[in-house]
K.L.:
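This is the structure I want to talk about, given as structure tokens.
Computed from a predicted structure; not experimentally measured.
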Amino acid sequence: ERKVDNGHIFLLNSMSGHRIVQALSVPNTYFYAATRFATTALTEGLRQELRDMQSNIRVTAISSGLIRTEFRGRLMKAEDMLESKKEYDTICDNVLEAEDIASAMIYALSTPP
């Protein structure tokens with residue numbers, strides 16, 4: 001073993017990993033929620049295992065809301081990804097950008113152990 005006992009593990013999750021939302025515009029979203037709930041369970045299991053080992057490795061899960069990405073466009077098989085990204089503004093008033101997630105990660109890295 002390498003005897004490494006510090007570091008930071010990030011898991012990018014979703015609010016769908018904590019509750020199930022009926023999305024009429026996107027059918028069968030419960031399959032997506034199931035994968036996100038699994039991420040929540042893995043995160044907590046890993047966090048508890050590292051705590052029991054008295055490890056200095058930190059675990060952070062970022063469970064965001066809606067982020068303006070190509071995800072929805074690909075899910076809906078959109079012809080135009082740029083137009084698909086603009087549709088986010090019709091769904092939610094406070095759509096996150098990828099930079100918001102990066103900022104959250106930087107903040108987590110800057111907090112004391």
K.L.:
List the residues meeting side-chain contact (heavy atoms from CB on, under 4.5 Å) with L12, not counting sequence neighbours, and say none if there are none.
P.N.:
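By the side-chain contact (heavy atoms from CB on, under 4.5 Å) rule, L12 matches I62, I101, M105.
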K.L.:
Quick one: OG1 on T39 to CG on L11, what's the gap to the nearest 0.5 Å?
P.N.:
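One finds 7.0 Å between OG1 of T39 and CG of L11.
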K.L.:
Determine whether the side chains of N56 and D5 contain a donor N or O and an acceptor N or O closer than 3.5 Å.
P.N.:
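On atom types as modelled, these side chains qualify, holding a pair under 3.5 Å.
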K.L.:
Mind checking what makes side-chain contact (heavy atoms from CB on, under 4.5 Å) contact with H8, not counting sequence neighbours?
P.N.:
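So H8 forms a side-chain contact (heavy atoms from CB on, under 4.5 Å) with F10, R58, T60, A108, L109.
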K.L.:
Kindly give the heavy-atom pair with the smallest separation between S63 and H18, and that separation in Å.
P.N.:
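Between these two residues, the closest heavy atoms are OG-NE2, 2.8 Å.
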K.L.:
What pairs with E44 under salt bridge (charged side-chain N to carboxylate O under 4.0 Å, His left out), at least two apart in sequence or on another chain?
P.N.:
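For E44 the salt bridge (charged side-chain N to carboxylate O under 4.0 Å, His left out) partners, ignoring immediate neighbours, are R47.
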K.L.:
Return the CD1 to CG distance between I9 and L42, rounded to the nearest 0.5 Å.
P.N.:
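Spacing of CD1 (I9) from CG (L42) equals 11.5 Å.
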K.L.:
Please report the closest heavy-atom contact between L96 and S64, naming both atoms and the distance.
P.N.:
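Answer, listing the atom of L96 first, then S64: CD1-CB, 3.8 Å.
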K.L.:
Of all the heavy-atom pairs spanning Y32 and S14, show the shortest one and how long it is.
P.N.:
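The answer is OH-CB, 3.5 Å.
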K.L.:
More than 12 non-hydrogen atoms from neighbouring residues, nucleotides or ligands closer than 6.0 Å to CG on D52, yes or no?
P.N.:
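Buried by this count: over 12 neighbours within 6.0 Å.
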K.L.:
At what distance, to the nearest 0.5 angstrom, does CD1 of I67 lie from CG of D100?
P.N.:
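It is 8.0 Å, given to the nearest 0.5 Å.
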